[in-house]
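As C-alpha cells, the structure follows; a few thoughts come after it.
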Amino acid sequence: MGSWTYEEGGFWELERKGKRVLRAYAYGESEDGRRVDTRMARLESREEDEGVLTLRFLGAEGLRLIQRLGEEDGMAWAESVLEEADGSRTATRRMVPLVFSAPEKKENIPAIWKDLWMRMLTVPYDNTMWLRYEALSLRAGQTSYEVTVLYSEESREGLLVGALEFDRWKNGLVCSPTDANTVEARSGVADEGSHDGMPHGVLRGRQVSSARFGVLYGADYRRLLEEYGDFLAGKRPPLRWNHGVPFGFNSWAGLAFRLNEERYETSAEFLRTELMPKGYQNEGTTYVNLDAGWNVMSIQQRKDQVDRLHRAGQKAGIYDAPFAFFGRDEKAEIPGVPGHRMEEILLRDEKGRFLARVDGAIPYDVTHPLWKEMTERKYRNFVEWGYDYVKMDFLSHGGMEGCHYDKEIATGRQAICRAYELIDRLLDEDSIGRPFFISLSIAPIFPYGYGHARRVSCDAFGTAQDVEYELNSHTYGWWLNGRLYQYNDPDHIVLLRSFGMEKDSTEGEARARYTTAVIGGTVMMLSDDYERPEARERTLLFACNREVNRIAASRKAFLPVDSAQDSASAAYVAEIEGRKYLALFCWKPQAQSVCVDARRAGLEETGTYRDLWSGKRFAVKDGVLCWNAEGCDALLLEEER
C-alpha cells in the first residue's frame, strides 16, 4: 500500500518523497519474558483497509503481534498490538513497533544513511539536574526520549521518528546494543534518564497496543521538528493563554531563602515605579512571583501583599512542588487533612518501601485520594488568596514508576496525566472566573499541553555558561513554543548576580542573558537582589529597551541557524511583522568573530541590519555578516529597509 511496503522475512519499508527512507521490523515482550519478533514469527495474514496495512504475526511461544502501518495528515505511522494466541489476557511492559535502519538496497535512499557524520538528536526526558540536548554520532545504547531526528548538519536532510501518544507509555528511541546504526522505537522506557528506579509499569488487556510512532523525512531537520509539533498540536492543542507574554520578577535567583515580606515588596515597588514607566511591562502590568521559601510569611501577610499588588495594577505569583515531598518527617500530618500522615501518600516500590529520593524529594503517589484532597485544598487556597500565577516545580516526580494506590493506574505516565488534569481543572479560567497562569518548571517535555509555559532548561542564571546552556535548550527545543506549550520559559533572567555566585556578571553577559529570553517565545521574569543599587542600575540599563521588549512580547521563538553537537548555535533568525531579525551570541570570555552565511540563515545576501541594543549597523558583505565580539555578549539585529 501507499508509502509502506511489506517485504519477506518480517520486514517492511517506508517510502517518502520519492526516497526509500527506512527498513524496519517489530517485536513485543510479555511480562513473563516471552517474545514475538516479526523476523522469526509466522505471517498469518496481510490486509489493507482504508489506507492502513495490517500484518498479523504468530510467535512460537503463543504471542501474536499485530502490526499496523498507516498515514495521517502527511505523517506516516506505525503501531504494534500484542495479544495471546489463545485469547486470554496479556501483560507487557515493553513494545517496539519499529526497529529501523537503512534499506538493504542502497539505491534511492537518503544521503544521511551513507553519511558517517550523521547525527542523532538526543532529547532529554526532562530538564532537571542540568540535562541538555545532544546531537552526536550514533552509538550503542544512546537514548532519546519520545522523539529523535537523524540528520546531516551540512545538508540539513533529516529523518524524524517520534511518539504520537503520551497517555500510557514512556517512549524512547534507542540505538541497538548490537548495531548502533539500528534504532528501536520503544514504548516502555524507564531508566536512569527518566529517574526511574523501578521498571516501567505493566499494561494488561486482551490486546495491549504500543504508542503510535510517526515518521517524517525532508530536506531540513528543523522543519521536520516543527511539522512534528504541528501534528501533535492538531491532536492536543497547547493550554491556551490569551493575555500576553508575562513580564515580571521571580524571587529565587535574586533572593533564594533570603525571601521575606519586605524584600518581596521592595522588588514589586522597583518594577512598578522604575521599570514599568520605562517600558518593562506587557499589557500594562507585571507579575511579582514568590518562589520557594514563601511559607516564611503568614497567610494574612500573603493576602495583604496580593491585595496591595492588585490595587497597584500588578499581579501576584506563587510557587509549589505538588508531586514531590521534600520533608524529612514522613510521619508528619498531611496539611489540611487531619488524622493522616505523609507516609500514606508517598509512592512505594513492590516491597512497600518508599522510592528513593530524586533531587532530594520522595515522589508522592498522585493517585491517592488523600494526595488529591491535600492538593485541591492547596490550589483552592491559591485562588482564594488572589494569586494569578503559579510556578510548579519538580514535576517529573509525578511520572515515576511505582506501586500506585489506584490499581487502574499501571504506569507513571498514566499517573502524571491524571495529576496534571486535576490541577488544570482547579485553575481553569472559566471555573475560577479569572486568568491563572501555569508555568511548569522542572518537568518532562511529554506529556504536553497541561501548562501555559514550560521551562526549557534547568536553573539558568546570568553567567556566560548560563547563556550557552540556555541556548542549547533553544537550539534543539525552539519548536515546542506555540505548539506543545503556549510559551517556552527561558527561566528567570539574572542581570547582575544570583545567590551563590562569587562575582557580578559583566554587561556583555547581562545583555546576552536577556537576549536568550527575548528570542525564546517567551516568559520574561527578572531576578536580582534589588537591595543592591548596582542591581537596580543594571536592570534599568537592560530591561527597559522598548524595541527589544517588543520582540519578546511577539511570542516568536527564533529559529536556530545551525546545531552544535552538545553545545548551541550562535545564530538565530525570525520574521516578525514582515521584518527579518537575527540574534547573534558569543559566550566565550575571549574575543571571537561570529559570522553568519546569509543564504544558509535564510536572509538576503545583501543588506544592512541595526542592533536594537547599541544602534550600530552591520552590513552583509559577500553574503556574510560578521561581528567581532570582545567576549560574552549578544546582538539583536533588525533588518533595515
Side-chain angles (χ1 to χ4, degrees), residues 127 226 229-230 232-250 271 280-291 306 309-310 313-320 322 379 382-383 386-393 395 417 419-456 473-474 477-493 517-526 549-558 574 576:
N127 55 354
E226 292 178 342
D230 289 337
L232 295 180
K235 300 300 177 184
R236 179 185 176 88
L239 191 62
R240 290 296 176 188
W241 177 258
N242 300 313
H243 309 284
V245 168
F247 279 59
F249 167 83
N250 178 277
L271 262 68
Y280 188 79
Q281 52 85 18
N282 192 23
E283 299 191 358
T285 193
T286 51
Y287 291 77
V288 190
N289 293 350
L290 298 168
D291 207 291
V306 171
L309 288 171
H310 286 173
Q314 292 176 289
K315 296 184 183 296
I318 199 164
Y319 170 94
D320 188 37
Y379 280 82
F382 290 168
V383 173
Y387 285 103
D388 310 284
Y389 185 119
V390 63
K391 173 183 172 182
M392 298 193 335
D393 211 352
L395 298 172
C417 286
Y420 274 148
E421 288 166 0
L422 171 67
I423 292 174
D424 280 359
R425 286 197 304 271
L426 292 171
L427 300 180
D428 177 69
E429 180 174 344
D430 293 335
S431 297
I432 67 174
R434 69 171 191 273
F436 203 115
F437 193 86
I438 303 171
S439 182
L440 312 184
S441 187
I442 290 174
I445 298 174
F446 300 93
Y448 69 95
Y450 290 106
H452 298 109
R454 175 187 172 272
R455 198 172 69 178
V456 297
S473 296
H474 189 81
W478 84 95
W479 57 276
L480 301 167
N481 184 77
R483 294 180 174 90
L484 306 194
Y485 300 90
Q486 185 73 69
Y487 303 124
N488 280 350
D489 180 349
D491 203 17
H492 40 4
I493 309 161
V518 169
I519 69 169
T522 185
V523 176
M524 299 292 291
M525 291 293 148
L526 301 170
N549 289 342
R550 176 178 57 83
I551 303 304
S554 74
R555 309 185 181 196
K556 188 74 171 183
F558 281 47
I576 301 171

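Everything quoted here is computed from the prediction, not taken from an experiment.
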> Quick one: CD1 on Ile423 to OH on Tyr379, what's the gap to the nearest 0.5 Å?
Replying inline: 4.0 Å

>> Between Asp424 and Gly451 (side chain of the first, backbone of the second, donor and acceptor by atom type, cut-off under 3.5 Å), is there such a pair?
In response: no

> Side chains of Leu484 and Trp479: does their closest heavy-atom pair fall under 4.5 Å?
Replying inline: yes

>> Does any part of the side chain of Asp388, heavy atoms only, come nearer than 4.5 Å to the side chain of His310, both counted from C-beta?
In response: yes

> Roughly how far, to the nearest 0.5 Å, is the CG atom of Asp491 from the OG atom of Ser439?
Replying inline: 9.0 Å

>> Strictly distance-based, threshold 3.5 Å: is any side-chain N or O of Asn282 a donor or acceptor partner for the main-chain N or O of Pro246?
In response: no

>> With ring pair (Phe, Tyr, Trp, His ring centres under 6.0 Å) as the test, pick out the partner of Phe437 among Tyr485, Tyr389, Tyr387.
In response: Tyr389

>> Using the side-chain contact (heavy atoms from CB on, under 4.5 Å) definition, which of the options Val390, Leu426, Ile432 pairs with Val383?
In response: Ile432

>> With a 3.5 Å distance limit and no angle check, can you tell me whether Tyr280 reaches the backbone of Gly248 through a side-chain donor-acceptor pair?
In response: yes

>> Let me confirm one number: the CZ-CG distance from Arg454 to Asn127, rounded to the nearest 0.5 Å.
In response: 4.5 Å

>> When you compare the side chain of Phe247 with that of Leu271, does any pair of heavy atoms fall below 4.5 Å?
In response: no

>> Return the CD1 to CZ distance between Ile493 and Phe249, rounded to the nearest 0.5 Å.
In response: 12.0 Å

> Do the side-chain N and O atoms of Glu429 and Trp241 include a donor-acceptor pair separated by under 3.5 angstrom?
Replying inline: no

> For the residue pair Ala453 and Asp489, what are the closest heavy atoms and their distance?
Replying inline: CB-CB, 4.3 Å

> If only atom types and distance count, is the side chain of Arg483 paired as donor or acceptor with the main-chain N or O of Leu232 below 3.5 Å?
Replying inline: no

>> Given Lys391, which partner from the list Asp320, Asp291, Asn289 fulfils the side chain to side chain donor-acceptor pair (under 3.5 Å) test?
In response: Asp291

>> Quick check: closest heavy atoms across Gly521 and Asn481, and the distance to 0.1 Å?
In response: CA-OD1, 3.4 Å

>> Under a 3.5 Å threshold, yes or no: a donor from one side chain and an acceptor from the other, between Gln314 and Thr286?
In response: yes

>> Keeping His452 on the side-chain end and Ile438 on the backbone end, is there a donor-acceptor pair under 3.5 Å?
In response: yes

>> Would you compute the distance between atom CG of Leu422 and atom CG of Leu427 and round it to the nearest 0.5 angstrom?
In response: 9.0 Å

>> Check whether Asp393 reaches the backbone of Ile442 with its side chain - one donor and one acceptor, N or O, closer than 3.5 Å.
In response: yes

> Do you know which two heavy atoms are closest between Val456 and Pro490, and how far apart they sit?
Replying inline: CG2-CA, 4.2 Å

> With a 3.5 Å cut-off and no angle check, do the side chains of Tyr319 and Asn250 form a donor-acceptor pair?
Replying inline: no

>> Would you say that Val245 contacts Glu283 through its side chain, given a criterion of any heavy-atom pair below 4.5 Å between the two side chains?
In response: no

Got a list of side-chain donor-acceptor pairs under 3.5 Å for residues 549-558, not counting sequence neighbours?
| from | atom 1 | to | atom 2 | distance (Å) |
| --- | --- | --- | --- | --- |
| Asn549 | OD1 | Tyr514 | OH | 2.6 |
| Asn549 | ND2 | Gly279 | O | 3.2 |
| Asn549 | ND2 | Ala543 | O | 3.0 |
| Arg550 | NH2 | Tyr581 | OH | 3.3 |
| Arg550 | NH2 | Glu638 | OE2 | 3.2 |
| Ser554 | OG | Ile551 | O | 2.6 |
| Ser554 | OG | Lys556 | N | 3.3 |
| Arg555 | NE | Tyr487 | OH | 3.3 |

> When rounded to the nearest 0.5 angstrom, what is the spacing between CG in Leu440 and OH in Tyr420?
Replying inline: 5.0 Å

